[in-house]
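The structure appears below as structure tokens.
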Amino acid sequence: MSKHKEIGLIGYPLSHSFSRDYFTKKFQKEGIKDFSYQNFEIDNINKILDIVKDNKNLLGLNVTIPYKQSVIPYLHQVSDQADKIGAINTICIDRTDIQPRLIGHNTDCIGFSMSLDKISGTLPNSALILGSGGASKAVVYVLEEKGIPYLLVSRSQGNNNLTYKDLDAAIIREHPLIINTTPLGMFPKIEMKPDIPYEFLSEEHCLIDLIYNPAQTLFLQLGEK
């Protein structure tokens, strides 16, 4: 393998992501040489095998929507933390043997935990988690670690979740922490938002959005208002 090393991102679609631009600038700014970052927009998760095979210098992958859960069967090993969460957002590729080994991790939980730690004062005593995908699993893990009760909210009814139609003034009032883990409002569809009754929000509420592009989604704008 040459000195040049690659890392990248898999997901579909990737029009919302600025990971490639972020890491390219980071490499330049910090003098990290012989590294490049590229996007692998794949419409089926089984194509990850071709990506690893065809890109011999690829040492790691970030994983985004919709593959944080469906990628797991393609991995050779999963960290204990990621296994408990049930979702992957980072893959290390070990090429020390003839056949590369894919090792899955979850760093979403680290980022979300750090976000909670930045909240001034006492943490809210209960939460609503909007969405039930891979990102929400990391949020569930962190809230359980911190002892914060929560309810899941999803578009369809399930045994362990509410639907958006179930949300009323009482439920909103009783859950001062609301976390959006859905892609609603992500670039380029910035006019979209989770369908919650924003009129019931108060100054006691804290809203967190896992979306980073744009920096302030319509969900957060309405919450601030």
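Side chains included, hydrogens not; waters and symmetry mates left out as well; all remaining heavy atoms used. From a predicted model like this one, the values you see are computed outputs, not experimental measurements. Count residues from 1 along the sequence.
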(request) Evaluate the criterion side chain to side chain contact (heavy atoms under 4.5 Å, CB included) for residue pair N55 and Q38; output intermediate values, then yes/no. (result) CA-CA 11 Å; N55 296 270; Q38 60 179 310; 3.9 Å; yes
Original post:
Is D168 close to P197 at the side-chain level, that is, under 4.5 Å between some pair of heavy atoms?
Top reply: no
Notebook entry, point to check: Charged N to carboxylate O under 4.0 angstrom, K193 versus D209?
Noted result: no
Hey, does K137 have a side-chain heavy atom less than 4.5 Å from the side chain of K68? no
Taken to the nearest 0.5 Å, the spacing of F40 CZ from L58 CG works out to 5.0 Å
Looking only at heavy atoms, the pair that brings D43 and Y67 closest together is C-OH, 3.2 Å
*So, do N161 and S132 sit near enough that their side-chain heavy atoms are less than 4.5 Å apart?*
no
Scanning both residues in full, the closest heavy-atom pair of G223 with L201 reads CA-CD1, 3.8 Å
Checklist entry - Where the side chain of Q81 meets the backbone of H105, is there a donor-acceptor pair that is under 3.5 Å apart? => result no
Evaluate side chain to side chain contact (heavy atoms under 4.5 Å, CB included) for K146 paired with V142, printing each intermediate quantity in order. CA-CA 6 Å; K146 293 183 178 292; V142 173; 3.9 Å; yes
When R20, H4, E6 are each screened for side-chain hydrogen bond (donor to acceptor under 3.5 Å, both in side chains) with S36, the one that passes is H4
All heavy atoms of I93 vs all of P100, minimum pair found to be CG2-CB, 4.0 Å
*asked:* Can a donor-acceptor pair be found, under 3.5 Å and without considering hydrogens, that links the side chain of H205 to the backbone of F200?
replied: no
CD (E199) and CG (L222) are apart, to the nearest 0.5 Å, by 10.5 Å
Of all heavy-atom pairs linking N106 and A87, the shortest is ND2-O, 3.0 Å
Problem set entry | Main-chain N/O of F219 paired to Y198 side chain as donor or acceptor, under 3.5 Å | no
Q: Please report the C-alpha distance between Y37 and Y22 in whole Å, then the side-chain angles of each, then the deciding distance to 0.1 Å, and finally whether the ring-ring contact (aromatic ring centres under 6.0 Å, His included) criterion is met.
A: CA-CA 9 Å; Y37 194 101; Y22 170 83; 8.8 Å; no
Hydrophobic clustering (ILVMFWY, side-chain heavy atoms < 4.5 Å, transitive) - are I72 and I85 grouped together? no
When rounded to the nearest 0.5 Å, the distance separating CZ of F35 from CD1 of I7 is 6.5 Å
D80/K84 ion pair, N-O < 4.0 Å
no
* Measure from the side-chain N and O atoms of S136 to the backbone N and O of G133, and report whether any donor-acceptor pair falls under 3.5 Å. => yes
* Asked: Does E224 CD have over 12 foreign heavy atoms under 6.0 Å away?
  -> no
Correct closest heavy-atom pair for A127 and I179 would be CB-CD1, 3.9 Å
_According to a hydrophobic-cluster definition based on side-chain heavy atoms being under 4.5 Å apart (Ile, Leu, Val, Met, Phe, Trp, Tyr only), do V63 and L210 belong together?_
no
inquiry  = Determine whether a donor-acceptor pair (N or O, by modelled atom type, separation under 3.5 Å) exists between the side chain of N39 and the backbone of E41.
reply    = no
Query raised in the report: Going hydrophobic residue to hydrophobic residue with side-chain gaps under 4.5 angstrom, can you get from I196 over to V139?
Result: no
Between G104 and A82, the two heavy atoms sitting closest are O-CB, 4.1 Å
4.5 Å side-chain heavy-atom contact, V52 and R95: yes
Separation between CE (M186) and CD1 (I211), nearest 0.5 Å, reads 4.5 Å
Tell me, do L143 and L177 make a side-chain contact under 4.5 Å, heavy atoms counted? yes
*Is there a donor-acceptor contact under 3.5 Å from the side chain of E144 to the main chain of I148?*
no
Should L130 and L152 be counted in the same cluster of Ile, Leu, Val, Met, Phe, Trp and Tyr side chains packed under 4.5 Å apart? no
Is it true that the side chains of T163 and D166 contain a donor and an acceptor less than 3.5 Å apart? yes
With a sphere of 6.0 Å drawn around CD of Q157, does it hold more than 12 non-hydrogen atoms of other residues, nucleotides or ligands?
yes
* Asked: Counting N and O atoms only, with roles assigned by atom type, does the side chain of S126 sit under 3.5 Å from a partner on the main chain of E174, one being a donor and the other an acceptor?
  -> yes
Here the gap from T64 atom OG1 to I10 atom CD1, rounded to the nearest 0.5 Å, amounts to 9.5 Å
**Q.** Shared hydrophobic cluster for L167 and I129 (ILVMFWY, side-chain gaps under 4.5 Å)
**A.** no
Is the side chain of N89 donor-acceptor paired with the backbone N or O of T107 at a distance under 3.5 Å, no angle test? yes
| Run the side chain to side chain contact (heavy atoms under 4.5 Å, CB included) check on L61 and V71 step by step: do they pass? | CA-CA 11 Å; L61 288 166; V71 73; over 6 Å; no
Step by step, would you call L128 with I172 a side chain to side chain contact (heavy atoms under 4.5 Å, CB included)? CA-CA 8 Å; L128 288 178; I172 296 296; 4.0 Å; yes
Y12 OH: over 12 foreign heavy atoms closer than 6.0 Å: no
| query | Hey, does the side chain of N180 reach the backbone of T182 with a donor-acceptor pair shorter than 3.5 angstrom? | reply | yes
Taking the six-membered ring for Trp, is the centroid-to-centroid distance between F112 and Y141 below 6.0 Å? no
CD1 (I190) and CG (N213) are apart, to the nearest 0.5 Å, by 9.0 Å
- Check for a donor-acceptor pair, side chain of R101 on one end and backbone N or O of Q77 on the other, with a separation under 3.5 Å. no
